[in-house]
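Reviewing the structure listed below.
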Protein chains: 2
Amino acid sequence: MLREEKPNNLVQTIERVATIFDVMAQSAHGISLKELSAKVGLPKGTAHRLLSSLAYFGYVRQASESKNYHLGFKLVELGNLLLDQLDLRAQARPFLIKLSKKTKETVHLVVLDQNEALYIDKVVSNDKPGGLQMVSRVGLRVPAHCSAVGKLLIAHLSEKGVNDLILLKGLSQRTRNTITDPDRLKTHLKIVREQGYAIDNEENEKGIRCVGAPIFDQQGQAIAAISISGPAARITKQLVQNFLKKEVIKTAQAISRELGYTDTIQTPGINKNFKKGGEP
Amino acid sequence: MLREEKPNNLVQTIERVATIFDVMAQSAHGISLKELSAKVGLPKGTAHRLLSSLAYFGYVRQASESKNYHLGFKLVELGNLLLDQLDLRAQARPFLIKLSKKTKETVHLVVLDQNEALYIDKVVSNDKPGGLQMVSRVGLRVPAHCSAVGKLLIAHLSEKGVNDLILLKGLSQRTRNTITDPDRLKTHLKIVREQGYAIDNEENEKGIRCVGAPIFDQQGQAIAAISISGPAARITKQLVQNFLKKEVIKTAQAISRELGYTDTIQTPGINKNFKKGGEP
DNA sequence: AACCATATTCCGTATTACGAAACAGTTATA
DNA sequence: TATAACTGTTTCGTAATACGGAATATGGTT
């Protein structure tokens with residue numbers, strides 16, 4: 001997988017640790033030293049030294065019986081601490097809860113990170129006992145080009161930003177509805193930007209439909225997006241047009257206002273750069 | 001702070017990265033390179049090299065305008081993935097929700113990690129609008145000796161385990177109710193172990209009272225604990241004795257059964273070591 | 001009891017990261 | 001507008017650091 005601007009002098013240890021974490025992330029029930037050292041391509045001794053250092057600080061832990069290595073709880077600690085440091089999340093949460101209650105569907109809060117849409121909060125509706133539930137998780141990533149929230153966020157990127165993203169991540173075909181043509185995507189993003197909401201019409205996963213709206217900060221930057229997601233059978237196109245679209249936009253606007261955004265959504269593009277690049 | 005068995009050949013980079021993360025964790029609004037390098041005691045150049053390597057893999061991120069460094073979302077990703085890898089958490093969750101609904105209070109799931117009680121799940125009651133809410137967070141740690149859940153977990157440790165914990169962490173006085181005498185603690189733990197539940201009677205934080213019960217796995221090990229927590233004014237001693245204690249024990253037993261624990265709680269200590277240390 | 005598999009530790013070597021200093025980019029000051 | 005002051009970023013010769021193959025411990029199996 002391609003990444004953005006690779007530094008020419010990466011610290012070797014950090015690169016190795018990142019690889020180790022990634023391998024462990026795929027090993028739900030822990031991994032032995034032998035297997036891990038094979039997978040990351042390091043001698044056992046070297047891998048062991050890294051692991052015991054990581055274990056000392058709590059970033060990995062070793063099961064006392066099986067000797068298998070697992071990710072450590074320090075990661076949970078730091079990850080959740082980071083989420084709490086995000087003012088955005090704290091401020092958005094009550095609105096998400098309200099929206100979820102009103103629509104009786106799962107609501108997500110998403111930011112763009114490393115050119116992917118990253119879930120930073122999730123509110124599930126309690127009122128769907130036994131019903132279908134979209135599988136998602138805080139910390140999960142989805143491609144930007146085939147999710148409502150992703151499209152919203154990149155719709156407010158610069159032309160260059162979008163090109164870079166396409167170059168780095170590509171436009172993988174996830175379903176038959178996925179937009180995979182760069183030009184079609186750019187046209188679509190223009191519409192998304194102008195209409196102030198986006199729909200994921202089973203573009204990422206067959207059977208899942210979403211509708212989302214962008215959140216703007218004080219500077220008018222689209223820093224996040226929210227969406228309502230669920231099974232396409234329940235989230236019908238009709239329901240989106242008649243009800244959900246309106247609700248998600250309303251909520252997103254309320255959150256934006258909470259963050260200090262003052263511009264009206266009705267006049268997009270106008271009166272926007274009052275602070276950005278305006279030397280007299 | 002003292003730690004368990006320090007390896008003699010820690011990898012320097014990992015030690016430095018751990019320090020950097022800890023400093024960042026305390027910097028809610030990001031930290032400048034200058035400030036960070038000063039705090040961790042590294043030359044700017046060195047700190048910068050580590051940071052840019054970490055940033056490349058998403059473990060830190062740099063705010064585009066302020067240039068300040070923040071913890072990166074990769075930590076969220078790994079942390080939440082780890083939580084999902086824990087069978088315990090998935091299996092316990094429905095029981096926690098039920099317990100929270102029934103008692104209308106906040107319920108926590110906790111494990112022992114590095115001699116501290118670590119919250120790995122939290123279910124808040126929705127039925128307390130505007131009411132008091134205990135501040136807690138998944139990933140947060142509390143000392144073991146002054147929390148209901150912590151006492152439960154160390155009550156099932158070996159004598160040596162408890163001694164090590166006391167040596168490493170000490171028994172800090174958090175409130176006037178905190179048990180700070182090693183012998184008194186050991187006596188108390190014996191009672192906790194025998195009665196099958198524990199109470200935190202404002203021992204960690206004035207005004208907060210908790211009652212908890214242990215969760216046993218198939219091997220009869222106390223691998224986790226659950227608790228009901230809330231303001232002492234609401235969680236009265238009476239309510240604990242008449243209602244909450246019973247409910248939390250019942251729920252903990254149900255989860256233990258779910259995990260394959262078969263021994264009856266009524267006969268603690270008896271018929272326990274059928275698999276642990278039984279050479280013929 | 002001997003064996004096998006895996007984890008852990010050791011130690012001489014050279015590769016890796018180090019960090020002082022130069023450079024660049026940005027903001028404050030005259 | 002020029003200049004100073006500050007912070008972030010990059011460079012490069014050096015030596016300390018981590019490397020990794022091989023020896024040793026551990027513990028489970030035949």
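Quick note on labels: first sequence line is chain A, next is B, and so on, each numbered from 1. Atoms considered below: every heavy atom in the structure, side chains included; atoms not considered: hydrogens, waters and symmetry mates.
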Could you label the plane-to-plane angle of the B:H108 and B:Y119 rings as parallel, tilted or perpendicular, counting under 30° as parallel and over 60° as perpendicular? perpendicular

Geometric class of the B:H156/B:F216 ring pair [parallel <30°, tilted 30-60°, perpendicular >60°]: perpendicular

With B:P182, which residues qualify under side-chain contact (heavy atoms from CB on, under 4.5 Å), at least two apart? B:I166, B:L171

Can you name the side-chain contact (heavy atoms from CB on, under 4.5 Å) partners of A:E258, sequence neighbours left out? A:Q91, A:F95

We want to know whether B:H188 and B:K151 form a side-chain donor-acceptor pair, criterion being a heavy-atom distance below 3.5 angstrom. yes

Axis deviation across the helix from C:dA1-D:dT30 to C:dA30-D:dT1, five-pair ends, to the nearest 10°: 40°

Scan nucleotides 21-26 of chain C against the protein and return all N/O pairs shorter than 3.5 Å with their distances rounded to 0.1 Å.
none

State whether [X] places a side-chain N or O below 4.0 Å from either non-bridging phosphate oxygen (OP1 or OP2) of [N].
X: B:R49; N: C:dC18; result: yes
X: B:Y69; N: D:dT9; result: yes
X: A:R16; N: D:dC19; result: yes
X: A:Q62; N: C:dT6; result: no

Cation-pi, B:F73 ring and B:R61 (6.0 angstrom, 45 degrees): yes

Return a table of donor-acceptor pairs under 3.5 angstrom between the side chains of residues 75-88 of chain B and protein atoms on other chains or two or more places apart.
from: B:E77; atom 1: OE1; to: A:R141; atom 2: NE; distance (Å): 2.6
from: B:E77; atom 1: OE1; to: A:R141; atom 2: NH2; distance (Å): 3.3
from: B:D84; atom 1: OD2; to: A:R137; atom 2: NE; distance (Å): 3.0
from: B:Q85; atom 1: NE2; to: A:A25; atom 2: O; distance (Å): 3.0

Between A:Q12 and A:I31, whichever has its closest DNA chain C nucleotide further toward 5' is A:I31

Any salt bridge linking B:D22 with A:K74? Criterion: basic side-chain nitrogen under 4.0 Å from a carboxylate oxygen. yes

Give me the residues of residues 32-42 of chain B where at least one heavy atom lies under 4.0 Å from an atom of DNA chain C, by number, or none. none

Distance in angstrom units between B:E15 CD and D:dT17 P, rounded: 11 Å

For A:I14 and C:dC18, what is the distance between atoms CD1 and C1' respectively, to the nearest whole Å? 13 Å

